[in-house]
There are 2 protein chains.
Amino acid sequence: MVDSCLVAKLGRYAALSEHDKQLLVALERDEREYKKDEVVTQSGHRINELYVLKSGWLTSYSLLDDGRRQLLRLFYPGDIVDLAEIALVRARHDVKCLTPAVLCPFPKSGLEPLFAQSPRLTALLFSMTVRENSTLLDRIRAVGRFSAYERVCYLLLEIGYRLNAIDDAKEDGGFRLPLTQSDIADLLGLTNVYVSKTMSRIEQDGLIRRDGNRVRILDHARMVELCDFNGEPLIDTSWFPVL
Amino acid sequence: MVDSCLVAKLGRYAALSEHDKQLLVALERDEREYKKDEVVTQSGHRINELYVLKSGWLTSYSLLDDGRRQLLRLFYPGDIVDLAEIALVRARHDVKCLTPAVLCPFPKSGLEPLFAQSPRLTALLFSMTVRENSTLLDRIRAVGRFSAYERVCYLLLEIGYRLNAIDDAKEDGGFRLPLTQSDIADLLGLTNVYVSKTMSRIEQDGLIRRDGNRVRILDHARMVELCDFNGEPLIDTSWFPVL
DNA sequence: CGAATGCTTGAAGCTTATCAAAGCTGGTGG
DNA sequence: CCACCAGCTTTGATAAGCTTCAAGCATTCG
């Protein structure tokens, strides 16, 4: 029970009552393992289930007829996949595993008791959605107005922060990137070739060091400066309904 | 009371009880007029108030030190500005008026009775946030993977649909665009010069006709095809708490 | 009527894409 | 444990799409 991903993640933002915790734990009753590259959800299908991501990384993406691909989101442990699609009749994107993963499926209706019984959890889920929204806006800015160099720095910082936050795979400032350069390119609106050239340049400039698919950020301050990075937005819990 | 923007907009998605309507109307008690280009909210400031947009268009945007600008969202009548920032301590973007506008300010805490008393309205607000989220993902895809030609078509369709939805300023398929070409460029990650050239090309190809800042879409089917446009995502209300 | 703002058009340049080939790496089977 | 293979990364050459700069034109507004 204590090892609930949701309780762990949401608890960091606001205190939860026992009842709240039980509501969350109920969402992680089932469990299913997925292999790397396995598809979780397909565009166009009806959404009947949501998933709590217990371990591993997922991504949602959109494919065009001619093969162009845009990665839209990265999901980390503790995230609800696709909470942000719950309100829609049909999925608009594909979701697949970047690494082997464990997901806890639950029916869409599983959220209803939560909305009905806990205004506080509701506010929290709402806030998480909003925070994600803010992250998307940051990426629009990056893709729309940043150079390739800035974009890659930005992504590395974003992922670094996120991993810090869930202190997974962290170790003296370095982390493992389970993304290929093609993935990075498709996240940032670039090509794999240019991502390669750009990362080499960033490394030569002494901002990062790479070893295999581990990345260490060497000059955090300069990178933050370079892409006007603000860190994760702070959640305001002051307006939340009381426990 | 019947002329509540929120009731009008939200009522299109789900039936509202009288009580729900009253909760919404309460948010539009005050009213303030803004001039074109007037700033509503500034990046970095604490967010104490939200606004119901009663008339006019707003945009939120982000500025970089060197003058680069990225427009992030467009707000139309009936939208809550910035609902999606309520969860954050500080605003991360500026918001200003694209046209003269009327806003109804209300304190952040004004949403509390709504969350506490109406699970149904809560679900609806949540869904609207999610839908907006989906729109943002579409724009990431457009900015990341579309050519300038596709991007402009995409934006025109999106705005056209949105205006249809609120049937404002509509007239035999044409609508007034209160955006300069620089605005369009900053929405789509282009330059004003190239937007001009691209729009001319789109017009020459017979997809649109322009007259001043009115735009008429001539070949809707081809434009939809061209940028894989899906229309507005459908909201699923089936999981909503009952009235 | 003049000033300001926005739109258009052309020329030149730069960032990034595309194409192609070779090097590397990690996983698999013998 | 080694050899192989598939997928990823690197590197170089070339090309395309978009930007930048600049000047002239159109429209709106005081």
Side-chain angles (χ1 to χ4, degrees), chain A residues 35-37 59 64 66-71 96-100 142-156 176-204 208-215 226-227, chain B residues 35-37 59 64 66-71 96-100 142-156 176-204 208-215 226-227:
Chain A
K35 290 193 281 273
K36 183 170 184 304
D37 289 326
T59 184
L64 297 178
D66 59 4
R68 283 180 286 181
R69 186 179 73 142
Q70 176 70 45
L71 294 198
K96 75 168 191 184
C97 302
L98 289 169
T99 68
V143 176
R145 286 291 174 235
F146 283 3
S147 70
Y149 196 97
E150 292 164 331
R151 280 183 236 183
V152 172
C153 287
Y154 161 75
L155 182 66
L156 292 176
R176 208 178 73 82
L177 247 195
L179 299 171
T180 67
Q181 292 185 353
S182 292
D183 291 335
I184 295 174
D186 288 343
L187 267 167
L188 298 177
L190 298 166
T191 60
N192 57 347
V193 174
Y194 206 64
V195 166
S196 171
K197 290 175 180 170
T198 303
M199 289 189 83
S200 300
R201 216 149 43 92
I202 296 175
E203 188 169 25
Q204 272 172 26
I208 62 172
R209 163 133 1 118
R210 289 181 295 170
D211 179 28
N213 52 15
R214 291 195 71 83
V215 175
L226 221 145
C227 55
Chain B
K35 290 194 279 275
K36 183 169 183 303
D37 289 325
T59 183
L64 298 178
D66 59 4
R68 283 180 286 181
R69 185 178 73 143
Q70 176 70 45
L71 293 198
K96 74 168 192 184
C97 301
L98 290 168
T99 68
V143 175
R145 285 294 175 232
F146 284 2
S147 69
Y149 196 97
E150 293 164 330
R151 280 183 236 184
V152 173
C153 287
Y154 161 76
L155 182 65
L156 293 176
R176 208 177 74 82
L177 248 195
L179 300 171
T180 67
Q181 292 186 351
S182 292
D183 291 335
I184 295 176
D186 288 343
L187 267 168
L188 298 177
L190 298 166
T191 59
N192 57 349
V193 173
Y194 207 63
V195 166
S196 171
K197 290 174 182 172
T198 302
M199 289 189 83
S200 300
R201 218 149 42 93
I202 295 175
E203 188 168 26
Q204 273 171 25
I208 62 172
R209 164 135 358 118
R210 287 181 295 169
D211 180 27
N213 53 14
R214 290 194 72 81
V215 175
L226 221 144
C227 54

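Letters go in sequence order (proteins before strands), and every chain restarts at 1.
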Under a 3.5 Å distance rule, please check whether B/Arg145 uses its side chain to pair with a backbone N or O of A/Gln70 as donor and acceptor.
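Side chain of B/Arg145 to backbone of A/Gln70, a donor-acceptor pair under 3.5 Å: no, none is there.
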Counting just side-chain N and O atoms, does [X] come under 4.0 Å of either OP1 or OP2 of [N]?
X	N	result
A/Gln181	D/dT10	yes
A/Ser196	D/dT10	yes
B/Arg210	C/dT8	yes

How about CZ on B/Arg210, more than 12 heavy atoms from neighbouring residues, nucleotides or ligands closer than 6.0 Å, or not?
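More than 12 within 6.0 Å, yes.
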Quick check on A/Arg68: does its CZ atom have over 12 non-hydrogen neighbours (other residues, nucleotides or ligands) under 6.0 Å away?
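Counting neighbours around CZ of A/Arg68, more than 12 heavy atoms of other residues, nucleotides or ligands fall under 6.0 Å, so yes.
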I'd like to know if B/Lys197 reaches the base of D/dG17 with its side chain such that a donor and an acceptor end up less than 3.5 angstrom apart.
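In this structure, the two groups form no donor-acceptor pair.
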Roughly, in whole Å, what's the span from CG in A/Asp211 to C1' in C/dC24?
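Roughly 13 Å, once rounded to whole Å.
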Could you state the CG-P distance from A/Asp186 to C/dT16, rounded to the nearest angstrom?
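Rounding to the nearest Å, CG of A/Asp186 and P of C/dT16 are 16 Å apart.
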Starting at the 5' end of DNA chain D and moving along, which residue's nearest nucleotide shows up first, A/Met199 or B/Tyr149?
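Its nearest nucleotide lies further toward 5', so the answer is A/Met199.
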Determine the contact category for A/Thr191: base if any of its heavy atoms lies under 4.0 Å from a base atom, sugar-phosphate if only primed atoms, P, OP1 or OP2 are that close, otherwise nothing.
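Base contact.
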With a non-hydrogen cut-off below 4.0 angstrom, is A/Val195 in contact with a base, only sugar-phosphate, or nothing?
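Nothing, no nucleic acid heavy atom in range.
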Measuring from the side chain of A/Val193 (C-beta onward, heavy atoms only), which nucleotide among D/dG12, D/dC18, C/dG6 has the closest atom?
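From the listed options, D/dG12 comes nearest.
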